Every structure is written in structure tokens, then in C-alpha cells.
There are 2 protein chains.
Amino acid sequence: MPSRSAVPDGKRPTLSDLAARAGVSVPLASMVMRGAKGPSAASRERVLRAAQEIGYRPDSRARLLRSSRSHLVGVQFDLRQPFHADMVEALYAAAGAAGYQIALSAVAASRSEQEAVEALLADRCEALILLSPHAPAARLAELAAQLPVVSVARRLRPLTDGVDVVRAADDEGARQAVDHLVALGHRDIVHIDGGRAPGAADRRRGYKSAMKHHGLTDRVRLVPGGLTEDHGAAAARTLLAEAARPTAVLAFNDHCAIGVLDTFLRARIPVPDEISVVGFDDSHLARLAHVQLTTVGQEARQLARRAVSRAVARLEGGAVDEEREVVVTPHLVIRSTTRAPCRS
Amino acid sequence: MPSRSAVPDGKRPTLSDLAARAGVSVPLASMVMRGAKGPSAASRERVLRAAQEIGYRPDSRARLLRSSRSHLVGVQFDLRQPFHADMVEALYAAAGAAGYQIALSAVAASRSEQEAVEALLADRCEALILLSPHAPAARLAELAAQLPVVSVARRLRPLTDGVDVVRAADDEGARQAVDHLVALGHRDIVHIDGGRAPGAADRRRGYKSAMKHHGLTDRVRLVPGGLTEDHGAAAARTLLAEAARPTAVLAFNDHCAIGVLDTFLRARIPVPDEISVVGFDDSHLARLAHVQLTTVGQEARQLARRAVSRAVARLEGGAVDEEREVVVTPHLVIRSTTRAPCRS
DNA sequence: CATTTGATTTATAACGTTGTAACAACGTTG
DNA sequence: CAACGTTGTTACAACGTTATAAATCAAATG
């Protein structure tokens with residue numbers, strides 16, 4: 001069996017291998033590797049060259065074990081939600097900038113939130129960022145008793161003890177969408193909702209209140225939907241089966257909106273000529289060249305930054321008793337699926 | 001500030017807290033926690049109850065540090081590829097069954113493969129599973145000199161030293177798709193390819209050889225495509241602009257196929273009535289109720305299982321000098337986007 | 001009764017890293 | 001020249017866990 005590294009015994013090189021090679025003590029090598037001030041330029045260079053030569057890599061686990069701080073933030077996300085992909089990317093950047101690392105733990109059909117969180121805890125994360133968690137509020141509170149917990153996009157009705165919330169102003173987003181549609185001349189605007197999904201209630205409320213504000217209370221119409229394209233497609237079929245169709249649809253999220261778009265296309269109903277469609281999230285789906293979905297942008301960057309800084313504040317600032325809830329204002333992104341209705 | 005845990009000082013409980021609480025020694029508590037044989041039923045129960053009471057959780061980092069084996073496999077995946085999501089899910093299961101844990105590291109627009117791999121190495125992974133890596137073969141070989149590396153879906157032309165490959169038989173998959181279409185009566189079958197993406201060359205070759213096998217060499221037609229919906233949409237527009245349209249399209253992957261479908265729909269070209277479309281991967285996109293894409297299934301479960309067992313074999317079996325390349329046979333999944341051509 | 005056996009339990013020493021405090025070597029200063 | 005900072009370096013202990021070997025103890029044997 002061939003040797004797998006530059007030190008004789010085939011194991012990965014450690015600090016003491018490095019120190020031996022450079023002809024210095026272990027602590028000195030350590031200081032150089034972590035860029036602490038102290039070592040002279042000469043020894044610094046010697047150590048770095050030796051590191052290069054033997055291919056030394058610090059062992060982050062030992063490092064974290066030693067320092068009581070782990071500077072590790074656990075992130076729970078759902079593999080099936082594209083918006084989560086955007087968030088994870090933004091979280092890497094935000095955490096890096098704050099001097100923290102990220103440990104990912106995925107939720108999927110065969111992997112529960114419970115399992116995902118267990119893994120993060122065993123990994124010694126100092127704080128948890130949960131992307132639209134479905135766990136009961138009691139469970140979140142239980143976790144928050146052990147370490148800082150940030151719930152992203154999931155609002156907690158009574159501000160749950162110890163759990164920070166970072167979310168977009170879903171009601172405001174829905175309002176913007178309705179305003180835009182009304183300004184274009186639409187009156188029959190339907191909302192395909194997200195049932196009991198995180199954020200759904202707020203979007204519903206925002207939709208209703210905006211309709212009311214425009215004096216369209218009697219045109220309010222909710223169709224049961226959900227988070228997936230299938231849900232959107234089903235809702236769209238419901239609409240098609242009816243005599244009087246709406247002129248515009250506000251879908252719960254981009255995924256759902258795509259299902260709606262697709263169903264309309266198949267039924268030969270041109271969008272936006274005959275009917276306008278608005279999504280929610282501004283995930284990369286919406287930006288696809290052939291989709292160009294008008295949607296409510298959730299500002300993943302912002303959300304990520306705020307979530308991280310919230311967690312860090314709890315960790316470093318001691319008792320941070322400002323707002324428990326951070327609300328980021330969403331922004332309507334107008335693309336090509338909305339237009340004035342062709343006939344009133 | 002409220003206490004964040006069940007032990008007085010607010011830190012997370014350790015083995016010695018647990019041992020003290022249970023009135024036993026630290027090593028004994030350790031044995032109980034990891035289910036080693038030795039402890040009596042009585043002490044086992046006492047320790048477990050104490051663990052329950054103080055909310056003890058083993059610190060996996062310390063655990064890994066101590067045992068030279070970490071039983072940790074690093075997985076590099078791309079947040080934007082739905083097929084990777086399926087693979088990650090399957091990998092969790094496969095690794096768990098083999099007694100290993102998984103560390104995820106994502107690649108995205110703002111996070112390079114290099115960064116992703118660095119993070120995994122620092123985490124002390126024993127082996128790396130890379131999902132369609134784009135890194136140059138030389139770089140992979142360099143990594144393989146340090147630890148077992150499995151490349152999934154990316155074939156390495158000359159079997160690169162030390163890198164195992166697990167992939168679907170892309171050529172065979174393309175062949176199956178063509179066979180299916182020909183059996184339905186199609187002759188003008190176009191392939192929208194994946195350029196230089198991993199697997200693209202094989203699919204191209206499989207397509208060509210199958211066409212040849214059916215005596216359709218003069219009908220071979222390649223259109224430049226890519227991995228995303230946008231690529232598929234662009235290719236479809238190219239096809240639409242021409243006088244003689246094909247009766248069937250084999251797209252590089254599901255993503256690309258969806259772009260094609262969408263463009264055809266917008267152009268009022270019914271699928272599969274006027275034109276058939278086949279994808280590749282059988283990612284969850286293809287299974288959506290309103291898409292029901294006929295596609296070549298890559299068998300994520302199989303791939304994941306084989307990738308893990310390959311890595312484990314290298315780690316545990318010492319010198320495993322069987323095949324360096326594991327090829328899984330794909331299976332055509334016939335759904336609703338293929339049908340006999342309406343006019344010959 | 002002394003002694004072996006077997007089952008439990010414990011003491012001790014690591015794993016690779018870093019913080020603390022101590023230590024040399026050196027030139028400055030009174 | 002003695003006392004003193006500086007600057008660079010090192011010894012030592014610790015983080016939370018587990019492997020090894022040694023210790024304890026009851027029961028069983030000769």
C-alpha cells in the first residue's frame with residue numbers, strides 16, 4: 001500500500017511533525033499556523049515552508065476541542081427547497097465574514113428535523129440557524145434553553161422564549177404584489193395560499209388587507225395550495241375549471257407559481273396576456289430566462305446576514321435584549337409574468 | 001442571564017458531569033454511552049438515567065479526536081443541482097448503514113470546489129465523495145494521495161491514480177432512450193447535449209451509436225445545450241426556428257428537458273402529441289405530477305450505496321485492487337412525455 | 001482456607017491543539 | 001554593573017473523549 005502522505009507512518013501530519021521538521025517547539029508552530037503575534041519573521045517563514053513541504057493541515061476538531069469556543073454555527077436546511085439553497089449560500093458568506101464556520105445538516109424525505117438537529121448538537125455547534133423549521137414551538141424552546149436558536153422564515157406566534165426570529169415581512173410582500181397588480185388594472189386577483197407552511201398565514205393576511213385597502217373586499221378569493229409545483233398545478237386546474245377566471249394570481253411561492261404557469265401554458269392560456277402570475281421568494285427559479293417570473297424578493301443575503309449577526313450577538317454580547325424578531329422588508333421584482341389585463 | 005443547561009456553570013455537560021451524577025467513573029460512563037459490552041445492566045441503567053436527567057450529549061469532536069478513526073466521510077455537492085439533492089439524501093442513508101457519518105460541504109456560485117474541499121479536509125474526513133467534480137484530474141490525484149477519493153458521475157479518462165469512480169452507464173442510458181423512441185416509431189431524434197459537463201461525452205456517444213445501430217446515422221443531430229433550464233430553452237428555440245423539426249428530443253438532463261418542455265408549451269407545440277421529450281437523471285423534477293417526464297433514471301440510491309462502499313472498502317479493506325470504476329446501469333422511466341409520432 | 005476465575009470497574013495515558021506562565025537572550029537605563 | 005523591559009521561545013496543563021491495562025470483588029474451585 002503506497003504511503004498516503006509526506007510523513008513516514010502514513011498518518012496525517014500533526015503539529016509536532018511540523019515542529020520537528022521546522023526545528024521549533026510545538027507551541028511556536030501553533031502560533032505561526034494561527035497567525036498569532038509573537039513569532040519572528042524568520043521562524044514564521046521556516047514553519048510555513050515546513051508546512052508546505054509536509055502538507056500540514058490544522059485539525060479543526062482538535063482546535064475546536066481545545067478552545068472552549070467552537071465558532072461553529074449549525075444550519076438546518078431542506079434539500080428540496082431551492083430558496084434554502086440560496087440561503088445556505090448566503091449563510092456561508094455571512095458566517096465567514098463574522099469569523100464563524102458553518103456546519104450543514106440536511107432535512108429530506110428520509111431525514112427528519114430531529115435527526116438533523118441531533119447531528120448539529122453532537123458537532124458542538126454554538127448556535128443553531130433553522131431554515132423554516134416545522135418542529136413544534138415547545139421543541140424549539142427546549143433547544144433554545146441549551147443554545148441560541150434562530151428561526152428563519154418561521155414566525156413564532158407568541159414570541160417563544162429564547163428563540164430569535166428572522167423573517168421577511170410576508171404581509172408587506174403580499175401587499176406589494178397586490179398593489180402592483182391593482183396598479184396595472186387588475187381587480188380579480190386570486191391568492192393560492194400555502195396552508196400551514198411557515199409564512200403562509202402572513203401572506204394570506206397581507207393579501208386580504210391589501211385587497212380591502214383597494215376596495216376589493218368582495219373580490220377576495222383564496223384557493224388552497226402549498227409549497228410545491230404540484231400544489232400550484234392543482235390549484236391552477238381548479239381555477240381553469242371555473243366559468244369566471246381571475247385576471248391575476250398571487251402564488252404562495254415561486255415553486256407553486258411555476259406549477260401555475262405550466263398548467264396555464266398547457267391549457268393554452270397565455271401569460272401574462274390573459275392572466276398575470278406573481279410568485280414569492282425570488283429563488284433562482286424565478287430568474288430563469290424562460291420563466292422571468294415577477295416575484296416578491298425575500299432578500300436571502302439580508303436574511304442570512306441578520307440571522308448570523310443575531311446568533312453572534314447572543315454568543316458574544318451576553319444578554320442581548322433587543323427585539324426578538326428581526327423583520328426584513330421584501331421587494332417586488334417585476335419581470336415578465338405581469339401585465340395589464342387585456343379586457344376588463 | 002438564565003442558565004442554559006442542567007449543570008450549574010452553564011456549560012454543556014461532559015462525561016465527567018455525567019459520571020459524577022451517576023456515581024460511577026468516567027470510563028464506565030463512556031462505555032455505557034457508546035454501547036460497549038462490559039457494564040452491568042444496573043450501572044448501564046443508572047448512567048442512562050443520569051444522562052437523561054442532565055441532558056448529556058457526547059461531543060463528537062472529542063470522540064473523533066481520541067479515536068484515530070473518525071468514521072466521517074466528506075461529501076461535496078452543488079446546491080443548484082437537484083440531482084445532487086437526491087444523492088445527498090441517499091448518501092446519508094448509505095453512510096449511516098455502513099456505520100459512518102457524513103459531513104456536507106456545498107459548492108455554489110460564491111463558494112468554489114477548492115473551498116469546499118478544504119473545509120472537509122480540516123474536518124478530518126477519512127474519505128471524500130465528490131459529486132460531479134469539475135476540478136482538474138491532477139488536483140483529484142493530488143487529493144487521492146492523501147485520502148480515498150470517490151468521484152461520482154464524473155468519469156476520468158485515463159483512470160486517475162487513486163481516484164475511484166462511481167457513475168451511471170451514461171452511454172447505455174442514452175441508448176435506452178433512443179431505443180424507446182425508435183420503438184415508438186421516431187426517426188428524427190435530436191440530442192441536446194451537455195457540452196463539457198461530466199457525463200456529456202458518454203451520453204453523446206451512446207446517442208450516436210444507438211442511432212447508428214438503428215440505421216439512422218444520417219438523422220444524427222446534435223444541438224449544443226447544457227445543464228440548466230435556460231440551456232434547454234435556448235436549444236428548443238433553435239429547433240423551433242427551423243423548417244424541419246425533429247419528432248423527438250433527448251435532453252442532457254431533466255433540468256434541460258424542462259426548459260425544452262416549457263419552450264414548446266409556449267410555442268403551442270403539444271408534448272408528446274407533436275414532439276416527444278426525454279430527460280436524464282430522474283431527479284424529483286421529473287416526477288412532478290404536471291411534468292411526468294420520461295427520463296433515464298440514474299438510480300441515486302445505487303450510486304450512493306456504491307460510492308460509500310467503495311470509500312469504506314478503501315478505508316477498511318487496506319489495499320483493494322478491484323475495479324477502479326463502478327458503473328451502475330441506468331433504467332428508462334417511461335412517463336408521459338413520449339408517444340408515437342402523429343405523422344410519419 | 002488459599003487461590004483461581006470471571007465479571008465489573010477504575011486509573012492512566014493518550015488524541016492534536018491552544019492558553020498561560022515561565023524562561024532565555026538581548027540591549028537599555030540609572 | 002545591576003535592575004529592567006523587550007522580544008522570542010518553550011514547558012506545562014487542559015479541552016472531552018476512549019483504549020489499555022491494571023485493580024477490585026464475588027463466587028467457585030482445589
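In what follows, every chain begins at residue 1, and chains take the letters A, B, ... in the order their sequences are listed. What you see is a predicted model; the values in this text were computed from it and never measured.
For D:dC15, the OP1/OP2 oxygens have no side-chain nitrogen or oxygen of B:Thr14 closer than 4.0 Å. OP1 or OP2 of D:dT9 lies within a sub-4.0 Å distance of a side-chain N or O belonging to A:Ser43.
Here D:dT17 presents its P atom at 12 Å from CZ of B:Arg57, a figure rounded to the nearest Å. Summarising the geometry, the separation between CG on A:Leu64 and P on D:dC15 is reported as 16 Å, rounded to the nearest angstrom. Going from atom CE of A:Met31 over to atom P of D:dT10 covers 11 Å, rounded to whole Å. Residue A:Lys37 contributes atom NZ, which lies 13 Å from atom P of D:dT6 at whole-angstrom precision. In this structure, the CZ atom of A:Arg46 is 11 Å from the C1' atom of D:dT9, given to the nearest Å. Distance A:Asp59 CG to C:dA14 P: 19 Å, rounded to the nearest Å. The separation between A:Arg66 atom CZ and D:dC12 atom C1' is 10 Å, rounded to whole Å. To the nearest angstrom, C1' of C:dT17 lies 11 Å from CZ of B:Arg124.
Pairing for C:dG30 goes to D:dC1, judged as Watson-Crick or G-U wobble with the two contacts each under 3.5 Å.
Each of A:Tyr56 and B:Gly23 has a nearest nucleotide on DNA chain C; the 5'-most of these lies closest to B:Gly23.
Among D:dC15, C:dT17, C:dT18, the nucleotide with an atom closest to any side-chain atom of A:Leu65 is D:dC15. Distances were taken from every side-chain heavy atom of A:Pro27 (C-beta onward) to each of D:dT18, D:dC12, D:dG16; the shortest belongs to D:dC12. Residue A:Ala62 places its side chain closer to C:dT17 than to any other of D:dT17, D:dT9, C:dT17.
Residue-level contact check: A:Ser30 touches the bases, meaning some heavy atom is under 4.0 Å from a base atom. Among the atoms of the strands shown, only primed sugar atoms or phosphate atoms (P, OP1, OP2) are found under 4.0 Å from some heavy atom of B:Arg34.
Defined by atom type and a distance below 3.5 Å, a donor-acceptor pair is present between the side-chain atoms of B:Glu89 and A:Ser110. There is no side-chain donor-acceptor pair under 3.5 Å between B:Arg167 and B:Ser151. Remark: the B:Arg44 side chain and the B:Ser40 side chain contain no N/O donor-acceptor pair separated by less than 3.5 Å.
Screening B:Leu140, B:Val152, B:Val150 against B:Leu130 for a side chain to side chain contact (heavy atoms under 4.5 Å, CB included) leaves a single residue, B:Leu140.
Between the side chain of B:Arg324 and the backbone N or O of B:Asp164 there is no donor-acceptor pair closer than 3.5 Å.
With hydrogens and angles ignored, no donor-acceptor pair closer than 3.5 Å exists between the side chain of B:Arg63 and the base of D:dT17.
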